[in-house]
Amino acid sequence: MKLLIKKGHLLDPAEKIDGQFDLLLVDGLVAEIKPDLEEKADRIIKADGFLITPGLIDLHTHLREPGDEQKETIESGGRAAARGGFTTICCMPNTRPVNDRSEITREIIDRARKNSPVRVLPIASVSRGEQGQELSPMAELALAGAAGFSDDGQPITNSALMKKAMEIAAQLGLPLIDHCEEKNLTRNGVINEGRVSRLLKLGGIPAAAEEIMVARDIILAKDFGWPVHLAHLSSRGSVDLLGWAKAEGVPVTAEVTPHHLLLTEEVLLTGNPDAKVNPPLRTEEDVKSLRQALETGLIDIIATDHAPHTEEEKKVGLEKAPFGINGLETALPSLLDLLVKKEGFPLVRLIEALTAGPAKLLTLKSGGRIKKGQLADLTIIDLEGKTTISRESMASKSHNTPFLGATFTGSIVMTFASGLPVYQNKNYDKTLIT
Ligand code: DOR
């Protein structure tokens with residue numbers, strides 16, 4: 001199968017490509033990248049006026065299979081990813097049961113192969129059942145195909161356990177991803193502790209709860225030399241600590257979510273449970289600091305923390321609703337519009353944080369770049385196209401996003417995983433393919 005993509009604007013931060021090129025895909029691989037190719041092909045895609053980037057990689061996705069298939073399955077989450085321009089997603093282990101055994105890891109990989117249009121890399125748990133008491137069989141889980149370790153949804157409170165887990169993950173050459181939260185400070189918390197929580201008389205989640213654990217992790221990484229990756233940073237204090245750590249040469253990396261880059265606690269004044277998330281949306285000052293850190297590369301990665309929950313669960317009101325924002329299908333359009341178009345954030349850095357950044361942490365052999373001989377994972381984007389976020393338009397089984405009803409400038413035209421079109425935007429059908 002030969003596929004020729006003509007005249008697209010290739011933007012690949014890893015390969016330092018930024019210009020108009022033709023792309024030839026043969027049997028799932030990138031066969032040629034040249035300014036002008038006159039190959040005969042089975043299909044030709046007219047991509048003039050469109051951006052072509054490496055397929056996006058999400059380091060932090062919650063699929064709910066096994067256990068909560070009413071919220072999301074590997075199949076629906078995989079389709080949501082393809083619609084959102086993602087070609088690889090890493091699924092967190094807080095399923096039911098928790099992914100803490102090699103059989104579960106293998107089962108997820110097997111089901112993903114059968115049912116998901118995009119690659120799914122399972123992240124296994126650090127501790128058994130995410131209970132924080134004893135370590136999961138990390139070496140076995142790695143052998144079964146785990147791409148990293150995390151107790152996400154829960155912090156690893158026990159520092160001795162954390163130290164041991166960091167050592168083993170380092171030996172296995174896999175990332176250890178920590179959800180930083182000092183639980184004693186967050187127990188009755190619903191939203192950020194501050195102006196809005198006082199106004200609404202809701203329990204607060206102070207930034208200190210995150211920062212204390214960020215500091216703990218940094219100290220462990222510094223003193224023992226094992227890497228740690230900090231998930232979903234939300235506060236200026238965390239950014240300051242990260243800045244100090246990287247300046248000291250501590251092996252630490254970090255991610256930020258689209259919602260923490262784009263929204264503040266103020267959106268909770270409407271009482272919308274779809275904006276309830278952990279860590280919570282914080283203040284303008286925090287958002288500013290997170291954006292700056294992402295731009296300079298201090299924060300390495302944008303990850304969605306796609307956390308689907310059903311309407312029934314969310315509609316019980318702010319206090320009782322579960323934490324989580326649905327993110328795979330809103331991430332790119334919202335960031336392109338609200339960050340790049342409206343705020344002048346550099347597009348190349350945005351794409352880097354969604355492609356090369358996660359590919360580097362995951363040490364992927366193929367992915368995160370468009371390169372001759374590598375798998376053809378690509379996202380075709382129309383920077384001027386409109387995307388409206390609606391229940392009907394979403395492939396995800398859940399629709400818990402504060403962006404419901406919004407229209408963004410920036411749309412995903414097509415997504416290719418291993419050279420196969422896994423998503424094709426209907427608005428472009430007629431003009432695109434010959
Ligand atoms: O808001 C969140 N939802 N934060 C987490 O850490 C877990 C996630 C979930 O699994 O729903």
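When a ligand or atom number is given, it counts from 1 through the structure's own listing order. Because the structure is a prediction, the values reported are computed rather than measured.
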* Less than 3.5 Å between some nitrogen or oxygen of Gly324 and one of ligand 1, yes or no? ->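 Yes; at least one N/O pair falls below 3.5 Å.
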
* Test of proximity, Val277 against ligand 1: N or O pairs below 3.5 Å ->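 Between Val277 and ligand 1 (N or O atoms, distance only) the closest approach is not under 3.5 Å.
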
(Q) So for atom CZ, which belongs to Arg236, do other residues, nucleotides or ligands contribute more than 12 heavy atoms lying within a distance under 6.0 Å? (A) no

Exercise. Taking everything shown except Lys288 itself, do over 12 heavy atoms lie less than 6.0 Å from its NZ?
Worked result: no

For [X], counting its heavy atoms only, list the atoms of ligand 1 lying under 4.0 Å from any of them.
X	answer
Ala307	3 (N), 8 (C), 9 (C), 11 (O)
His309	11 (O)
Phe323	1 (O), 2 (C), 3 (N), 11 (O)
Gly153	6 (O), 7 (C)
His179	6 (O)

Under the rule for side-chain hydrogen bond (donor to acceptor under 3.5 Å, both in side chains), what residues qualify as partners of Arg282, not counting sequence neighbours?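 Only Asn192, Ser234 meet the side-chain hydrogen bond (donor to acceptor under 3.5 Å, both in side chains) criterion with Arg282.
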
*At a 4.0 Å cut-off, with the gap strictly under it, does some heavy atom of Gln154 reach an atom of ligand 1?*
no

Honestly, for Ile325 the part within reach of ligand 1 (heavy atoms, under 4.0 Å) is neither

**Message:** According to ring-ring contact (aromatic ring centres under 6.0 Å, His included), who are the partners of His260, at least two apart in sequence or on a separate chain?
**Reply:**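 Counting only residues at least two positions away or on another chain, His260 forms no ring-ring contact (aromatic ring centres under 6.0 Å, His included).
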
Checking Asp100, Ile177, Leu135, Leu141 against Phe149 for side chain to side chain contact (heavy atoms under 4.5 Å, CB included), the one that qualifies is Leu141

In plain terms, say whether Glu75 and Arg111 are close enough for a salt bridge, that is, a side-chain N and a carboxylate O under 4.0 Å apart. no

Quiz item: Looking at side-chain heavy atoms only, is the closest gap between Glu182 and Glu211 below 4.5 Å?
Solution: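 A side-chain contact is absent here, since even the closest heavy-atom pair is not under 4.5 Å.
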
Residue, atom and distance of the protein heavy atom nearest atom 11 (O) of ligand 1 read Arg64 NH2, 2.8 Å

### Task
Write out the residue and atom name of the closest protein heavy atom to atom 1 (O) of ligand 1, then the distance separating them to 0.1 Å.
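Answer, as residue, atom name and distance: Asn278 N, 2.9 Å.
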
Measuring from atom OG1 of Thr53 to atom CD1 of Ile381, what distance do you get when rounded to the nearest 0.5 angstrom?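 Interatomic distance, Thr53 OG1 to Ile381 CD1, rounded to 0.5 Å: 4.0 Å.
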
